[in-house]
There are 2 protein chains.
Amino acid sequence: PTSAFTNAFTNAKAGMEGVDREMVKRVVHDMSVNSAHFATESRKEAAVEAKILAMKKRAASIRPSALATIKAAVDDRVARMEASRDLTKTWVHVDMDSFFASVHILERPELRDVPMAVGGMSMISTANYAARKFGVRSAMPGFIAKKLCPQLVFVDSDFAKYKHYASLTREVFKEYDPQFDAGSLDEAYLEISAYCAGKSMTPADVAEALRREVREKTKLTCSAGVAPTRRLAKVCSDANKPDGQMVIEPTRDAVAALLSSLPVRKIGGVGKVLDRTLAAFGIATCGDLLRERALVVALFSEVQSDFLLGVAIGVGGEARPARPPGWAPQRKSLSQERTFAPTADARALAAKIAALAEEVAAGLARENLLTRTVTLKMKRADFEVAQRQTSLPRPTNDAQTISDAALRLFRGEKNTHGSLRLLG
Amino acid sequence: PTSAFTNAFTNAKAGMEGVDREMVKRVVHDMSVNSAHFATESRKEAAVEAKILAMKKRAASIRPSALATIKAAVDDRVARMEASRDLTKTWVHVDMDSFFASVHILERPELRDVPMAVGGMSMISTANYAARKFGVRSAMPGFIAKKLCPQLVFVDSDFAKYKHYASLTREVFKEYDPQFDAGSLDEAYLEISAYCAGKSMTPADVAEALRREVREKTKLTCSAGVAPTRRLAKVCSDANKPDGQMVIEPTRDAVAALLSSLPVRKIGGVGKVLDRTLAAFGIATCGDLLRERALVVALFSEVQSDFLLGVAIGVGGEARPARPPGWAPQRKSLSQERTFAPTADARALAAKIAALAEEVAAGLARENLLTRTVTLKMKRADFEVAQRQTSLPRPTNDAQTISDAALRLFRGEKNTHGSLRLLG
DNA sequence: ATACATACC
DNA sequence: TACTGGTATGTAT
DNA sequence: ATACATACC
DNA sequence: TACTGGTATGTAT
């Protein structure tokens, strides 16, 4: 179970080409192996392995005849999906290159060529390309990054700045697709078929123009992927990073050719666990996924197998999500959490809960929202996470009410929790 | 809220053509109006009306622009459903004519021409056509039926007999489709496209032949519906009852023509409540449903609107449910319930629970099954139903274990239940 | 998982 | 006098 | 509804 | 010394 964990930071990634992956793996392992965090991760991995083992058992018990029946049904479904495949939309996924780091470099150009990371000793959110040469990358704890690269410079994150530059990029995106969809600060999906037709330009040229304009307006580079679906566009934007782009022609064959050897892990939504689960059944690429489609449908839930089938044939995410005009993104939750030095002092913990409740209440008030459910998240010193949730009799944004509810949940737990390192 | 209830037994139904519906309505109402049952039904109807009112409010708050967006998405979906529409399957729904009653008539021909019903003073399951002339019909309490038709003869049901005749019909069905699907004792779905091709016969001729053969082998008549989907076949089998059949040609236009004026209530799965709900939005026919498709998608859950959209365009239920060879129907629950003279005697009720648990355990043993959840159903003297459910630590078919679990649930309720009239 | 409603025969 | 019994499925929490 | 895991940036 | 914080979504019960 430990190999997956120590492998976490050695996966191929833009800017990591010359890295001595074995060395990185060893450093990460040595810096982690005696920590509580490592122990918890190992336990979680054991749980995943157990789940996979159960699936293997189930797979072994499926009669070949049953699998054949499923295969026929799946093939039918695939045929129908293919028949209604829509290749007329042109999606672009734009992804800023090491966004947070690049923003800081813009104002402090001397940071370009020294290894630099945004974040601190606990956690890094982005690293510049100079740092990546040492194996430093996002979501790596800073103290490990520092071990890999002693001269690494840390820069504090500055979200106000990132938002400013994000808004500049969005000004550009708007020209190409007024309804563009910004997932986060540093990326967006645009549907440019109308734009291409209006300007008589190829999608590749539009992507070039868009990236040029982003660079002019922000002095930042970005990468782009062009494809008939969002999912594939996202895969493509990652393919030629940084400052590059990739286009898949909108034909069934071009899509199939790309997918045949594409690692499933490259697909948005396929994370560490799903990747490992599929790997246990010999499925590493989307081509494997297509070949093993009957097994996939037999083993996974309908939601998952629908998703995986769509991945396998490159269908899904063609249509722009239907939204009434004037629609604004509807937030579904709002939270605050904080990590601190582990403590079992109930008074201190209660004070933290009250403070977090204040922040949440302020957030709700700011957005003119009310909540009916309050969730308390606790992470123990050993990284064990527990959540407790309760429904309020009526919607509120009152800090006192929220705090009281959370404290009630907290007291209900008193017995079990040793010391806590996080509350949310 | 009372009109729907008193209308329950006056809907158009085979054999009810000459009936004085106003008279029937009055009798049913007069016989019911002072009962606890009527009170509960009225309360339930009020709840439905409230739900409808809430939906109306929601409907009123939908902006026309939002509705237009939904409509565009729905039209897209409908187009895709139409594009992948499968008209190559030929489904037959065979439905025995007043099955239980006809079986008794077979052995006692004198019952043919006197009004007769299977069941008793509490409840009737089927009536012969002589009885239907008086407004007597299935699911009507016997004492009301007797009021409508004082000379009505009651016959006790005899499931062994029904099963015997059902097996004879199934011998016939098997010839036309070895994989036929028997929903209940008196009906089945057959997919006869292969049979038609093999014999170079039209579907109508095959249906005639099948009905002739059923009549020869059982001396019972049945009706049949032929259509490209199960859903439509079922509608058709009801259209020319008794001893008749109806065929929809497998073309988009023929289906659309049938649907345009077909009451939604004729569709399997659309019951009293959904019918009334749709009626509240001016939707009475499948044609209405198609016209109001955007509203339907806006108001109903995804499961419901998927179903209703399929109903509206006549798509759904083309494919034979995919089952591995050797598949046997998997039962999902097994239950016993009994109605008795209302009592609050805890001892007597506990004894009934133990007895029911014995029956259930025997049933589980007979089918080699184990259960992990035990549900106790209680109906109070005022017809109020409550269910309590619990999970067992491990699967069992032991009567004592099941009984203990049910009694635990029963005791947990002791406070509230007045006297009970049913346990299950 | 639990509670209850809807639907069909 | 008197409104079932059995199973599956949907919805809400 | 409740509890928890997965995924993404 | 040191493995985040915020949101959405899926799964199981």
Side-chain angles (χ1 to χ4, degrees), chain A residues 31-32 35-38 40-41 44 47-48 99-100 119-126 138-144 146 157 183-187 268-274 301 303-304 307 331-339 341 373 375 377 383 385-391 421-422 424, chain B residues 31-32 35-38 40-41 44 47-48 99-100 119-126 138-144 146 157 183-187 268-274 301 303-304 307 331-339 341 373 375 377 383 385-391 421-422 424:
Chain A
M31 297 293 288
S32 297
S35 68
H37 183 257
F38 187 89
T40 318
E41 287 302 311
K44 278 199 217 161
V48 169
F99 184 55
F100 293 179
M121 285 305 247
S122 293
M123 187 50 64
I124 280 173
S125 63
T126 336
S138 43
M140 178 179 272
F143 69 94
I144 294 181
K146 191 87 183 175
S157 61
S184 59
L185 289 174
D186 76 329
E187 59 175 346
V270 179
K272 197 174 65 165
V273 170
L274 184 50
S301 76
V303 174
Q304 294 246 74
F307 165 71
R331 106 147 45 235
K332 301 186 179 164
S333 73
L334 187 156
S335 67
Q336 289 287 328
E337 64 187 59
R338 212 71 35 155
T339 295
T373 58
T375 301
K377 175 174 173 181
F383 289 85
V385 174
Q387 287 186 78
R388 297 294 173 257
Q389 184 189 322
T390 188
S391 302
R421 69 185 323 275
L422 173 146
Chain B
M31 296 293 287
S32 298
S35 68
H37 183 256
F38 187 90
T40 319
E41 288 301 312
K44 279 198 216 163
V48 169
F99 184 54
F100 294 178
M121 284 304 249
S122 292
M123 187 50 63
I124 280 174
S125 64
T126 337
S138 44
M140 178 179 273
F143 70 92
I144 294 181
K146 191 88 183 173
S157 61
S184 59
L185 289 174
D186 77 329
E187 59 176 346
V270 178
K272 196 174 68 164
V273 170
L274 184 50
S301 75
V303 174
Q304 294 246 75
F307 165 70
R331 107 149 44 236
K332 299 186 179 163
S333 73
L334 187 157
S335 68
Q336 289 287 328
E337 65 187 60
R338 213 73 35 163
T339 295
T373 59
T375 302
K377 176 173 172 180
F383 289 85
V385 174
Q387 287 185 77
R388 298 293 173 258
Q389 184 189 324
T390 187
S391 302
R421 69 186 323 275
L422 173 147

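Every chain is numbered from 1, with letters handed out A, B, ... down the list of sequences. The basis for the numbers below is simple: all heavy atoms, side chains too, and nothing from hydrogens, waters or symmetry mates.
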So which nucleotide from dC3(F), dA2(D), dG5(D) ends up closest to the side chain of R338(B)? dG5(D)
Between dT4(F), dC3(D), dC3(F), which one does the side chain of I144(B) approach most closely? dC3(D)
Return no unless some side-chain N or O of T339(A) is found under 4.0 Å from OP1 or OP2 of dG5(F). yes
Non-neighbouring partners of V48(B) that pass side chain to side chain contact (heavy atoms under 4.5 Å, CB included), sequence neighbours left out: I52(B), V273(B)
Taking only residues two or more places apart in sequence or in another chain, which ones pass salt bridge (Lys or Arg N to Asp or Glu O under 4.0 Å) with K146(B)? none
When the distance from [atom1] of [X] to [atom2] of [N] is rounded to whole Å, what number comes out?
X       : N      : atom1 : atom2 : result
M31(A)  : dA2(F) : CE    : C1'   : 8 Å
M123(B) : dT4(D) : CE    : P     : 5 Å
I124(A) : dA2(F) : CD1   : P     : 17 Å

So F383(A), base contact, sugar-phosphate only, or nothing? Heavy-atom distance under 4.0 Å. sugar-phosphate
Would you classify G268(A) as touching base, sugar-phosphate or nothing, given that sugar-phosphate means primed atoms plus P, OP1 and OP2, and contacts are heavy atoms under 4.0 Å? sugar-phosphate
With both distances kept under 3.5 Å, what pairs with dC9(C), Watson-Crick or G-U wobble? dG5(D)
Let's test this: given Watson-Crick or G-U wobble pairing with both distances under 3.5 Å, identify the partner of dT11(F). dA3(E)
Rounded to the nearest 0.5 Å, what separates atom CE in M140(B) from atom CE in M123(B)? 10.0 Å
Once you round to the nearest 0.5 Å, how far does NZ of K272(B) lie from NZ of K44(B)? 7.5 Å
If I compare all heavy atoms of [X] with all of [Y], which pair ends up nearest, and what's the gap?
X       : Y       : answer
S32(B)  : I144(B) : OG-CD1, 3.7 Å
G269(A) : L274(A) : O-CD2, 4.2 Å
S125(A) : F100(A) : OG-CD1, 3.6 Å

Taking dA7(E) as the reference, what is the distance to dA2(F) when you measure between their C1' atoms (whole Å, please)? 25 Å
For atom C1', what is the distance between dA1(C) and dT13(F), given to the nearest Å? 4 Å
For F99(B), the ring pair (Phe, Tyr, Trp, His ring centres under 6.0 Å) test, sequence neighbours excluded, returns none
Taking ring pair (Phe, Tyr, Trp, His ring centres under 6.0 Å) as the definition, give me every residue that meets it alongside F383(B), ordered by chain and number, with sequence neighbours left out. H37(B)
Output one letter per nucleotide in nucleotides 1-6 of chain E: B when a protein non-hydrogen atom lies under 4.0 Å from the base, S when only the sugar-phosphate is that close, - when neither is. SBSB-S
What does nucleotides 7-12 of chain D look like as a protein-contact string, B for base, S for sugar-phosphate only, - for none, at under 4.0 angstrom between heavy atoms? BSS-S-
